[in-house]
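Take a look at the structure below.
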Amino acid sequence: MEKQKTAIITGITGQDGGYLAKFLLEKGYKVIGLVRRGATDTFVKLKEHGIFDKIEFVDFDLLEFTNICRIIKKYRPDEFYNLAAQSFVGVSFEEPIYTTEADGMGVVYILEAIREFSPHTRYYQASTSEMFGKVQEMPQTEKTPFYPRSPYGVAKLMAHWMTTNYRESFGLYTCSGILFNHESPMRGKEFVTRKITSHFAELYVGKTDKPVELGNLNSKRDWGFAGDYVKMMWLMLQQDHGDTYVIATNETHSIREFVEEVAKVCGWDIEWKGEGVDEIGVDKKTGKVLVKINPKFYRPAEVDILIGNPEKAKKVLGWKRDVDYNALCKMMMERDIERAQNGNL
């Protein structure tokens with residue numbers, strides 16, 4: 001009988017952590033979830049997935065090296081998925097030092113602990129398309145030069161290169177997944193897609209009459225479904241050698257388009273009126289204002305467009321997505337309407 005594999009997941013209470021834990025449990029893994037005490041995120045997502053009682057939880061902090069060492073030494077996991085981070089781009093402009101320490105140095109602590117106590121462990125680093133920032137070519141690939149436009153992107157870039165360096169310098173099995181925007185009904189409401197669908201759900205069921213307030217409607221992103229993307233994280237760690245992979249859809253949509261698409265699920269046809277900060281989105285049928293602009297949501301340095309080319313992942317990992325953009329929009333909007341109707345949004 002084959003020995004049961006052990007996987008450690010940081011950031012397990014987040015969107016990706018939940019989908020990944022569910023996927024690994026279905027594959028027969030023992031899953032250890034590292035959780036920061038007092039984290040704002042709760043276990044709600046894991047309970048909604050129906051897997052909360054199947055995970056062993058351990059207190060953890062990205063900035064406490066001795067804690068990380070003890071965990072690695074105790075479990076010596078087969079696989080380690082680092083999904084934890086200060087992951088809000090907007091917040092990183094206000095908290096650049098903490099973001100750099102957590103998202104950059106935290107990764108060095110984990111890699112050092114693995115190198116010292118469990119060098120057989122296969123390590124996955126959650127890199128991000130935000131590292132491309134002011135894009136140098138279209139679409140972006142594993143070889144596109146980086147130009148991050150936020151402290152978050154810069155910190156993640158440090159972690160990305162450290163992951164590569166520990167592979168090349170010390171022979172550790174490390175992978176970086178440069179995942180482009182991936183969303184789901186489990187996305188936190190702090191992220192723009194879920195901010196839109198949760199607010200629209202409240203408008204739809206009559207719990208509010210205020211429009212959703214957004215920043216730059218013309219930012220374009222390459223959006224996929226998180227449930228598809230976590231499978232690629234696992235596949236990266238099943239190859240003969242660690243490497244870097246772009247996971248993306250190679251298509252892009254603006255926030256404006258996302259608003260229009262999810263509004264259709266509510267039966268609304270959005271018409272845009274005005275310009276700049278005075279622009280509003282109204283329902284053609286009723287004239288009700290559904291969207292307004294709030295300049296406070298503009299970023300100091302904007303990333304205008306991201307679109308990834310996943311050819312390498314297709315070739316090596318067999319990457320394909322099961323949920324396309326329109327299905328993703330529908331899935332997110334319908335789930336939030338259901339939540340709003342049940343009073344658990």
Side-chain angles (χ1 to χ4, degrees), residues 16 83 85-107 125-165 175-183 187-188 190-193 195-196 214-224 226 229 232 243-259 275-277 279 293-313 325:
D16 294 5
L83 311 184
Q86 189 302 97
S87 56
F88 306 121
V89 176
V91 169
S92 76
F93 288 100
E94 293 300 316
E95 300 180 8
I97 296 170
Y98 174 74
T99 301
T100 303
E101 289 176 343
D103 299 5
M105 282 305 301
V107 171
Q125 170 61 20
S127 289
T128 168
S129 56
E130 289 284 334
M131 299 186 311
F132 293 119
K134 190 174 180 180
V135 297
Q136 303 298 292
E137 67 174 0
M138 300 275 288
Q140 294 90 58
T141 72
E142 293 82 3
K143 294 182 178 175
T144 301
F146 298 112
Y147 195 141
R149 297 270 281 169
S150 66
Y152 169 73
V154 174
K156 279 288 196 174
L157 186 53
M158 173 190 171
H160 171 76
W161 282 123
M162 279 294 185
T163 301
T164 302
N165 190 258
C175 281
S176 279
I178 306 178
L179 272 56
F180 280 64
N181 292 65
H182 45 291
E183 316 298 311
R187 194 50 141 161
E190 308 89 345
F191 293 87
V192 69
T193 48
K195 176 183 177 178
I196 294 162
L214 301 172
N216 183 5
L217 294 172
N218 299 318
S219 279
K220 291 186 173 182
R221 294 292 182 270
D222 183 326
W223 274 309
Y229 283 45
M232 293 301 106
D243 208 343
T244 296
Y245 298 91
V246 162
I247 307 296
T249 69
N250 206 15
E251 65 179 63
T252 188
H253 298 275
S254 66
I255 291 170
R256 186 187 301 276
E257 289 172 304
F258 183 86
V259 166
E275 291 181 4
V277 294
E279 188 173 17
I293 302 300
N294 187 332
K296 84 172 184 182
F297 296 119
Y298 289 144
R299 295 179 184 173
E302 187 59 79
V303 174
D304 296 315
I305 181 167
L306 292 170
I307 178 169
N309 182 346
E311 280 307 309
K312 179 179 174 181
Y325 169 76

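Side chains are part of it too, since the values below use all heavy atoms of this structure and drop only hydrogens, waters and symmetry mates. Numbers here simply count residues along the sequence, with the first being 1.
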Identify all side-chain donor-acceptor contacts of residues 153-162 below 3.5 Å with residues at least two apart in sequence or on another chain.
| residue | atom | partner | partner atom | Å |
| --- | --- | --- | --- | --- |
| Lys156 | NZ | Ala126 | O | 2.6 |
| His160 | ND1 | Ser127 | OG | 3.1 |
| His160 | ND1 | Ser176 | OG | 3.2 |

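The side chain to side chain donor-acceptor pair (under 3.5 Å) search around Thr193 returns Glu183, not counting sequence neighbours. Under the side chain to side chain donor-acceptor pair (under 3.5 Å) criterion, Lys312 pairs with Asp243, not counting sequence neighbours. Considering only residues two or more places apart in sequence or on other chains, Tyr147 meets the ring pair (Phe, Tyr, Trp, His ring centres under 6.0 Å) condition with none of them. Every side chain to side chain contact (heavy atoms under 4.5 Å, CB included) that Thr141 has, sequence neighbours left out, goes to Glu137, Lys143, Thr144, Asn309. Residues that satisfy the ring pair (Phe, Tyr, Trp, His ring centres under 6.0 Å) test with Phe180, not counting sequence neighbours, are Phe132. Judged as a salt bridge (charged side-chain N to carboxylate O under 4.0 Å, His left out), and not counting sequence neighbours, the contacts of Glu311 are Lys314. In terms of the salt bridge (charged side-chain N to carboxylate O under 4.0 Å, His left out) criterion, residue partners of Glu279 (sequence neighbours excluded) are, by chain and number, Arg256. For Thr163, there are no side chain to side chain donor-acceptor pair (under 3.5 Å) partners two or more places apart in sequence or in a different chain. A search for side chain to side chain contact (heavy atoms under 4.5 Å, CB included) contacts involving Asn165 returns Ser169, not counting sequence neighbours. Every side chain to side chain contact (heavy atoms under 4.5 Å, CB included) that Glu251 has, sequence neighbours left out, goes to Thr249, His253, Arg321, Tyr325. By the side chain to side chain donor-acceptor pair (under 3.5 Å) test, Asp103 pairs with no residue at all, sequence neighbours left out.
In plain terms, the two heavy atoms of Tyr229 and Asn181 that are nearest each other are OH-O, 4.3 Å. When all heavy atoms of Ser150 and Glu130 are compared, the closest pair comes out as OG-OE1, 4.5 Å.
Tyr98 has its side chain within reach of Gln86: a pair of non-hydrogen atoms, C-beta onward, lies under 4.5 Å apart. Considering only heavy atoms from C-beta on, Gln140 stays 4.5 Å or farther from Val246 through its side chain.
In terms of modelled atom types and a separation under 3.5 Å, the side chain of Gln136 and the main chain of Lys134 share a donor-acceptor contact. For the pair Glu257 (side chain) and Ser254 (backbone), a donor-acceptor distance under 3.5 Å is present.
Distance CG/Asp16 to CZ/Arg187: 7.0 Å, rounded to 0.5 Å. Residue Leu306 holds its CG atom at 11.5 Å from CD1 of Ile178, rounded to the nearest 0.5 Å. Here Arg221 contributes atom CZ and Ile307 contributes atom CD1; the two are 12.0 Å apart, rounded to the nearest 0.5 Å. Atoms CG and CE, on Asn250 and Met138 in that order, are 9.5 Å from each other to the nearest 0.5 Å. Separation of atoms OG1 (Thr244) and CD (Gln125) is listed at 10.0 Å; rounding is to 0.5 Å. The distance from the OH atom of Tyr152 to the OG1 atom of Thr99 is 10.0 Å, given to the nearest 0.5 Å.
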